Amino acid sequence: MALYHIILLLFLSSCSAVFADVTIEYCSDNLTIPTTQMSANIDSLIAEVASRTSQNRFSIATYGKGNDTVYGLGQCRGDVNSTDCTSCIQDAAQNIRTNCQNQTDARLWAENCFLRFAAINFFGKLDTNEVESLYNRDHPQHPSAFKKVVAAFMSKIRSEAIVPANQGFAKGKITSIPANVTLYGLAQCTGDLSMQSCNECLNLAIGNIPKFCNNVKTVGCRVLYSSCFVRYEIYPFYYPLDA
Ligand SMILES: *[C@@H]1O[C@H](CO)[C@@H](O)[C@H](O)[C@H]1NC(C)=O
Ligand SMILES: *[C@@H]1O[C@H](CO)[C@@H](O)[C@H](O)[C@H]1NC(C)=O
Ligand SMILES: *[C@@H]1O[C@H](CO)[C@@H](O)[C@H](O)[C@H]1NC(C)=O
Ligand SMILES: *[C@@H]1O[C@H](CO)[C@@H](O)[C@H](O)[C@H]1NC(C)=O
Ligand SMILES: *[C@@H]1O[C@H](CO)[C@@H](O)[C@H](O)[C@H]1NC(C)=O
């Protein structure tokens, strides 16, 4: 959709390309230039969301009055520790306005966290209008068995994530003999969603895996919405790495 532009930032780590940190930023191209007041509110909002998220792993906040009100949400990936959570959300808070300084709607997906702000109240609303995807390219050894195991396994991860006690987060691994692979998977919804909306979001994300990450040519995939994301790889990527 032409209304939006996307900025993809790649930070290759020195030890291994497999653990490359990926950040995707998405700015609304709806050229609403924030007023000076709203701009100040966005700065205050982001600082508040970053601080609360580093304490609670998830937070929503509003800032300002009347038509200058802004809404923000921050969340860390369910498996990262508080040190990694804090550093991710602080970096995100610094970066989110660099590329989206004239916008009243911005979202940032980092490896370990997600940050979003908008001039409209989006809390609790399932948002699948925009989708980002990333894939790891390599040929699965047994593509049709691989495709089957991905579909069944990610569906199992989804069903675990929506158990109320799991609060929209699940991870796990499976060793498939027909596909000759160990798959590692993770799914997470933003903490403001009902489990019903979470289920809807994850279903859509998993259903779109074949579209964005054709299993004949890829061995890893991320489908990222503003309300949820799913990821699988053939190597451990979630913490602890040996679980
Ligand atoms: C653009 O932003 C304005 C002000 O926030 C809003 O009223 C309008 O609906 C937005 N347009 C689109 C296409 O998102
Ligand atoms: C909010 O309303 C005031 C007064 O009508 C106006 O000056 C200001 O530009 C508006 N702000 C936004 C963000 O639309
Ligand atoms: C947090 O996790 C990272 C792995 O990403 C690890 O290097 C670090 O030692 C952990 N910190 C604490 C305090 O557990
Ligand atoms: C933001 O808007 C201001 C004023 O219109 C302009 O000078 C500046 O270049 C814009 N920044 C970006 C990143 O578009
Ligand atoms: C399984 O993978 C290993 C390592 O890549 C390979 O050596 C082996 O031949 C594969 N087995 C089958 C049945 O594809």
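As a basis for the values below, the full set of heavy atoms in this structure was taken, side chains included, without hydrogen atoms, waters or symmetry mates. Predicted model only: the values in this text are computed from it and were never measured.
Ring-centre distance between Y135 and F212: not below the 6.0 Å cut-off.
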Next item on the list: Begin from the C-alpha positions of R222 and V22 and carry the test side chain to side chain contact (heavy atoms under 4.5 Å, CB included) through to its verdict.
Entry: CA-CA 11 Å; R222 298 179 216 189; V22 176; 4.0 Å; yes
Note to self: For Q188 and Q75: C-alpha separation, side-chain torsions, deciding distance, then whether side chain to side chain contact (heavy atoms under 4.5 Å, CB included) applies.
What the structure shows: CA-CA 10 Å; Q188 187 171 25; Q75 180 163 283; 3.3 Å; yes
Margin query: Under the criterion salt bridge (charged side-chain N to carboxylate O under 4.0 Å, His left out), I'd like the reasoning laid out for D192 against K125: C-alpha separation, chi angles, the key distance, then a yes or no.
Written below: CA-CA 8 Å; D192 57 325; K125 293 181 185 131; over 6 Å; no
Margin query: Could you go through Y184 and F237, starting from their C-alpha distance and side-chain angles, then the distance that decides it, and tell me whether this counts as ring-ring contact (aromatic ring centres under 6.0 Å, His included)?
Written below: CA-CA 7 Å; Y184 300 80; F237 67 89; 7.3 Å; no
Check: Which is it for K173 and Y238 under the side chain to side chain contact (heavy atoms under 4.5 Å, CB included) test, yes or no, and what are the steps along the way?
Finding: CA-CA 10 Å; K173 67 175 176 183; Y238 55 68; 3.7 Å; yes
Check: Step by step, would you call T36 with S39 a side chain to side chain donor-acceptor pair (under 3.5 Å)?
Finding: CA-CA 5 Å; T36 315; S39 204; over 6 Å; no
Margin query: Pair D43, R97 - check side chain to side chain contact (heavy atoms under 4.5 Å, CB included), show working.
Written below: CA-CA 9 Å; D43 288 335; R97 295 203 76 196; 2.6 Å; yes
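The same ILVMFWY cluster, assembled from side-chain heavy atoms under 4.5 Å apart, contains both V219 and V230. Clustering ILVMFWY residues whenever any of their side-chain heavy atoms sit less than 4.5 angstrom apart, transitively, puts Y26 in the very cluster that holds Y71. Hydrophobic clustering (side-chain heavy atoms under 4.5 Å, transitive across Ile, Leu, Val, Met, Phe, Trp, Tyr) groups V149 together with L202.
T190 contributes atom OG1, which lies 8.5 Å from atom CZ of F122 (distance to the nearest 0.5 angstrom). Between the CG atom in L193 and the CD1 atom in I162 there is a gap of 12.0 Å [rounded to 0.5 Å]. With rounding to the nearest 0.5 angstrom, the CG atom of N129 is 8.0 Å from the OG atom of S226. Between the CG atom of L134 and the OG1 atom of T218 there is a distance of 11.5 Å, given to the nearest 0.5 Å. For the atom pair OH of Y235 and CG of L183, the computed distance is 12.0 Å after rounding to the nearest 0.5 Å. Taking CG from D127 and OG from S197, the interatomic distance works out to 11.5 Å, rounded to the nearest 0.5 Å.
Within the structure, the disulfide bond (SG atoms under 2.5 Å apart) test picks out the following pairs touching residues 159-195 (sequence neighbours left out): C189-C198. Contacts classified as side-chain hydrogen bond (donor to acceptor under 3.5 Å, both in side chains) and involving residues 151-164 (residues at least two apart or in different chains) are given here: S155-R158, K156-E160, R158-N199, R158-N203.
When the SG-SG distance for C85 and C113 is compared with the 2.5 Å cut-off, it comes out at or above that value. Less than 2.5 angstrom separates the SG atom of C221 from that of C213.
Among all heavy-atom pairs drawn from A170 and A161, the shortest one is CB-N, 3.5 Å. Residues I42 and Q103 come closest through the heavy atom pair CD1-O, 4.2 Å. Considering every non-hydrogen atom in both C76 and V80, the closest pair reads CB-CG2, 4.2 Å. Taking every heavy atom of both residues into account, T86 and S54 meet most closely at OG1-CB, 3.2 Å. For the pair G220 and E233, the tightest heavy-atom approach, listed with the atom from each and the gap, is CA-OE1, 3.5 Å.
Residues I157 and L186 are not in side-chain contact: their nearest non-hydrogen atoms beyond the backbone lie 4.5 Å or more apart. Residues V131 and V223 form a side-chain contact, since some pair of their non-hydrogen atoms from C-beta on lies under 4.5 Å apart. Side-chain contact between L224 and I24 is present, with at least one heavy-atom pair separated by less than 4.5 Å. At least one side-chain heavy atom of T35 sits under 4.5 Å from a side-chain heavy atom of D68. Residues V181 and F146 are in side-chain contact: their nearest non-hydrogen atoms beyond the backbone lie under 4.5 Å apart. The closest side-chain heavy-atom distance from L108 to T23 is below 4.5 Å.
The backbone N or O of A50 lies less than 3.5 Å from no partner atom in the side chain of T53, so there is not a single donor-acceptor pair. The main-chain N or O of F123 is found under 3.5 Å from a side-chain atom of N121 such that the two form a donor-acceptor pair. In terms of modelled atom types and a separation under 3.5 Å, the side chain of R107 and the main chain of Y225 share no donor-acceptor contact. Proximity of a side-chain donor or acceptor of N99 to a complementary backbone N or O of Q101 within less than 3.5 Å is not detected. Using a distance-only test at 3.5 Å, with no hydrogens or angles considered, no donor-acceptor pair links the side chain of N56 to the main chain of F58.
Between E111 and R231 there is a salt bridge, since at least one side-chain N of the basic residue sits less than 4.0 Å from a carboxylate O of the acidic one. A salt bridge is defined here as a Lys NZ or Arg NE, NH1 or NH2 lying under 4.0 Å from an Asp or Glu carboxylate O, and D79 with R77 meets this definition.
Note: F114 and W109 have tilted aromatic rings, judged against thresholds of 30 and 60 degrees for the angle between ring planes.
Exactly one residue among S28, P34, C27 makes a side chain to side chain contact (heavy atoms under 4.5 Å, CB included) with T104. That residue is P34.
When the side-chain contact (heavy atoms from CB on, under 4.5 Å) test is applied to N214, the partners found at least two apart in sequence or on another chain are V216, K217. Residues passing the side chain to side chain donor-acceptor pair (under 3.5 Å) test with D84, sequence neighbours excluded: none. Every residue meeting the side-chain contact (heavy atoms from CB on, under 4.5 Å) condition with R52, not counting sequence neighbours, appears here in chain and number order: E48, S59, A61. Shown here are the salt bridge (charged side-chain N to carboxylate O under 4.0 Å, His left out) partners of E200, two or more places apart in sequence or in another chain: there are none.
Checking T182 against T175 by side-chain atom types alone, a donor-acceptor pair falls below 3.5 Å.
Heavy-atom contacts from other residues, nucleotides or ligands closer than 6.0 Å to OH of Y63 number 12 or fewer.
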